[in-house]
Amino acid sequence: MPELPEVETVARLVAPDVLQKRVTGVRALWRKTGGGRSDAELEAALVGRRFVRVERRAKYILMGLAPGRSKLPDTWLVVHLRMTGRLVVAPAREEPAAHTRFSVELGPRRLDFIDPRKFGRCLVTSDPTHVLPELGPEPLEDGFEAEAFVRDLRARKRQLKPLLLDQAFVAGLGNIYVDEALHRAGLHPLTPAHRVTRPKARALHAAIRTVLAEAIEREGSSFDTFYRTPTGQPGSYQHQFQVYGRQGQPCRTCGGEIQKRVVGQRGTHFCARCQRRR
DNA sequence: AGCTACTCCTGGTAGC
DNA sequence: TGCTACCAGGAGTAGC
């Protein structure tokens, strides 16, 4: 499922195919994907504008469009891949692939949003802050400062797993990278945040950054048929997983058996020996 | 503040 | 083989 590294990879790879291209048509093949907007509304907002920015914030891809020859975006296409969303650029004359939910025509080519489970969104707005929820710091940016993280973490009483999944606390982590970061830091997913020692909290801060940066280097994780980069390539970080999906197998650090249990409705993987409770 | 449960969705798979 | 039941899960929301 796309988390920060996968979204970053998609944004990077799709950018050269859309930047400077002008929109010639828009269609929401599944209306909800486009936020309930009609094709006429979408066309009125986008047609004639040109993609001038492609950025990532948390798990969102922000694509800025400017009118005429302007370089200043006044309209944004905000994409969230959720579980199964993909962005693909294809020749406009080709039929859209199965499960295509939203299409932006760019002259001879077309940006397609493909999403079997229909959880993803392609929202059009004049200001991304109108559609983005409250989001915590970007874990790979300088603003994600260790001391502040330690302080904020220890001020909360939630269990680590749901706290780290909370996008308002830290942006961009999902089920996979939370499990991987907790293992790397040697922290049990059920530990209450305020019980984490300062050194362990610092270790967690470092682990989050390391895991995410390494996953971006490998273009994310593809362990099922879903996530692919816009070029159709799978990522390769799944080969680096220490705990995710490895229940029943030996821990690569200590040889203990990797456990799986449900925490807050999420499959949670950990080594009970490396990640002692409390 | 923080917990649980529910919703949205469908492809894949386990079980019969 | 063909059927049904269930599961995966990001994030929003409701209720306690």
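This one's a predicted model, so the numbers in the text were calculated from it and none came from an experiment. Numbered from 1 within each chain, the chains take letters A, B, ... in sequence-line order.
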Helix axis bend for the helix from B:dG2-C:dC16 to B:dC16-C:dG2 - C1'-based end axes, five pairs, 10° rounding: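 If I round to tens, the end axes sit 50° apart.
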Could you give all pairs that pass the side chain to side chain donor-acceptor pair (under 3.5 Å) test and reach residues 58-72 of chain A, with sequence neighbours left out?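 Matches after skipping sequence neighbours: none remain.
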Separation of atom [atom1] in [X] from atom [atom2] in [N], rounded to whole Å:
| X | N | atom1 | atom2 | value |
| --- | --- | --- | --- | --- |
| A:L190 | B:dC3 | CG | P | 10 Å |
| A:I114 | B:dG11 | CD1 | P | 14 Å |
| A:Q247 | C:dA8 | CD | C1' | 12 Å |
| A:R121 | B:dT7 | CZ | C1' | 12 Å |
| A:R86 | B:dC9 | CZ | C1' | 18 Å |
| A:R101 | B:dG11 | CZ | C1' | 12 Å |

A:F102 side chain reached by A:V26 side chain, heavy atoms, under 4.5 Å: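 Yes, side chains in contact.
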Non-neighbouring partners of A:F119 that pass ring-ring contact (aromatic ring centres under 6.0 Å, His included), sequence neighbours left out: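 Listed in chain order: nothing, the list is empty.
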Non-neighbouring partners of A:H183 that pass ring-ring contact (aromatic ring centres under 6.0 Å, His included), sequence neighbours left out: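 Testing A:H183 for ring-ring contact (aromatic ring centres under 6.0 Å, His included), a comparison that skips the adjacent residues, returns none.
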Donor-acceptor list for residues 252-259 of chain A side chains, cut-off 3.5 Å, not counting sequence neighbours:
residue, atom, partner, partner atom, Å
A:R252, NH1, A:F241, O, 2.3
A:Q259, NE2, A:E257, O, 3.0

Verify the contact: side-chain N or O of A:R156 to OP1 or OP2 of B:dG2, cut-off strictly under 4.0 Å; return yes or no.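 Yes, such a contact exists.
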Residue-phosphate contact under 4.0 Å: A:H99 side-chain N/O, B:dG11 OP1/OP2: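 Result: yes.
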Could you go through residues 162-177 of chain A and list every donor-acceptor pair under 3.5 Å that involves a side-chain atom there, pairing it with any protein atom two or more places apart or in another chain?
residue, atom, partner, partner atom, Å
A:D166, OD1, A:A168, N, 2.9
A:D166, OD2, A:R158, NH1, 2.9
A:Q167, OE1, A:G172, N, 2.8
A:Q167, NE2, A:L165, O, 3.1
A:Q167, NE2, A:L173, O, 2.8
A:N175, OD1, A:K161, NZ, 2.5
A:N175, ND2, A:G267, O, 2.9
A:Y177, OH, A:E6, OE2, 2.6
A:Y177, OH, A:S221, OG, 2.6

Linked hydrophobic residues, A:F270 as query - side chain contacts closer than 4.5 Å: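 Direct or chained contacts put A:F270 with none.
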Pairing of A:D115 and A:R82 as salt bridge, 4.0 angstrom limit: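 The answer is no: the pair does not qualify as a salt bridge.
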Footprint string (nucleotides 9-16 of chain C, 5' to 3'): B base within contact, S backbone only, - free, heavy atoms under 4.0 Å: BBBS----
So if I take every side-chain heavy atom of A:K157 and compare against B:dC9, B:dG2, B:dG11, which nucleotide ends up nearest?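 Nearest listed nucleotide: B:dG2.
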Side chain to side chain donor-acceptor pair (under 3.5 Å) against A:E94, all qualifying residues, sequence neighbours excluded: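 Testing A:E94 for side chain to side chain donor-acceptor pair (under 3.5 Å), a comparison that skips the adjacent residues, returns none.
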Quick check on DNA chain B: between A:K32 and A:A155, whose nearest nucleotide comes earlier from the 5' end?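 The answer here is A:A155.
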